[in-house]
Amino acid sequence: MHAPTLSAAMAIGPATAEEAEATWTELARQHKSLGDLVQTRPERPVCGFQHLVEGLRIPIEPRGATRNPLLEAYHGVRTITIADPASLGDIPADVRRVFEGTEVVCVPLPARDGAIGLVVADNAFTRDPIGPDRVRLLELLAFLGGLALETARVQQRVERQAQQLAETLDQLRAAQEQLLHKERLATVGAVVARVSHEIRNPLATIGGFARFVRTHPDDRARVERNTTIIIDEVVKLEGLLKEMLDFTTPRTPALAPTDINALVRRLVEVHRDQLESRHIALEVDLAAALPPVMADREQLLRVFLNLWQNAAQALDGQPAERPRRLRVQTWAADGQVCVTFADSGPGIPDDVRPQIFTPFFTTKRHGSGLGLAVVKKIVDDHDGRLDVRSDADGATMIVLLPEARS
Amino acid sequence: MPRILIIDDDDNQRLLYREAFEAEGYDVVEARDGREGLGCIADRRPDAVVLDINMPGLDGLDTLKRIHDLDRHVRVILNSAYAAYREQFVSWIADAYVVKSSNTAELQAAVRSVLGVATPN
């Protein structure tokens, strides 16, 4: 850091007696006062005095370490009048030269934390004493000058900080962008890992049995069995592909007034046997009169089937002493039609619950991890809501759909 | 001939491996998940286990730990569609790690290698 200095910033006035006389003569000729001169701004922007003080620097020594009256005025923030600068040895020689042989007044420019500068004035050429009125005027000017300088400094500091803030914000934005990019890559990585696993298994089976067919082409029974397996696995792959495409290709629902009860009955009719073979008791409780909803039947049926299958899977690993029950219920309330699928399974662990609608997230060993993500998407597309409740008695998925407006 | 236990939840995959190993003359035993597999190890005393990792219930890596506790002599070949499990410390207990493929030759070679059986003609 540089040692603090007082440096001459601005000087107004003639540098020599000749220059002073020339200025006064000119003013007299034009019948103008000194005030007029200041008002009209002299054409010569830099006076001789300015050149004289240019580069002038006074190191600011600590208070008490010096008897330099300029620094006393500065440190003490008070006006000091020096009768004869020549008598004061502590003033640097070049400063002294400027003020030699005249009375000099030093007025501090006050700011919040002490002086931020000085106004040094004399009557070098008229040699008039500087009266108290002039000093007070000078102090008033210095006060206003200090205020202006302080304001300018504060503004500069604010601008600098604003600039720093803007830079910090830019850096933060860049970091965030980078983070998002990494997150996207991580998601893509997870998707690729999950999908490649789901593809590799059936592919290995298909390829393996195709090889058997090639090595034993004459064993009719085995060829038939092996080709059946191959076809089954291909169907599995097609299903996976369809699920992924359905998820990534947006489809606008084809809305029509729909009776939710009728959809649930269809679901039960087709998939009831599946539950029986897994020893799961089914309870269906449909509201007597249900207002229609505007829905895409195929899509809603998919939602219901998915929730139904999830519930059934949750019950698969159920210990013998626990109930194996799936309860499907419909009702209407507050302008909404609700369908719930409640299983008596182990429920959804708290740490898993926030992620169950995340695409490609799954707790199952097999599956695309898209099931509930698709369910959520379809329900959202219907302006509906999907609620999850889970406790020790099992998990309940609640689909809420707005009633159709008549 | 040595006895091989195949633990895999995929029916078709088990059948595929059964046929491949039986063709080589092995005695093949099957289990659908880790729990059933552990029972087979106790009852049927296989020489080697071909163990899938992604399975419902007790998964392959948990099963591997239990096999290790149960019988340190049985050879275990991890057989997964995922190569990434190799980074899991537990998988290092296994004698071999094979990534599932339509060509069972690599799996068969791994079994022969861990059992010290000569290449069949």
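In what follows, chains are A, B, ... by sequence order, proteins preceding strands, each numbered from 1. Any value given below was found using the heavy atoms of this structure, including those in side chains, with hydrogens, waters and symmetry copies removed.
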With a 6.0 Å cut-off (strictly less than), is the heavy-atom count around [atom1] of [X], excluding the residue itself, greater than 12?
X	atom1	answer
A:Arg266	CZ	no
A:Glu224	CD	no
A:Arg222	CZ	yes
A:Arg322	CZ	yes
A:Glu183	CD	no
B:Arg18	CZ	yes

For the atom pair [atom1] ([X]) and [atom2] ([Y]), what is the distance rounded to the nearest 0.5 Å?
X	Y	atom1	atom2	answer
A:His216	B:Glu19	NE2	CD	7.5 Å
A:Asn226	B:Leu16	CG	CG	9.0 Å
A:Glu198	B:Asn54	CD	CG	8.0 Å
A:Glu233	B:Asp10	CD	CG	5.5 Å
B:Tyr82	A:Asn201	OH	CG	10.5 Å

Nearest atoms (heavy-atom pairs only) where [X] meets [Y]:
X	Y	value
B:Lys100	A:Arg200	O-CD, 3.3 Å
A:Gly207	B:Ser102	CA-CB, 3.2 Å
B:Leu15	A:Ile229	CD2-CD1, 3.5 Å

Under 4.5 Å from any heavy atom of chain A, what part of B:Ser101 do you find: side chain, backbone, both or neither? backbone
Sort out for me which of A:Ala210, A:Ala204, A:Gly208 touches chain B most, counting heavy-atom pairs under 4.5 Å. A:Ala204
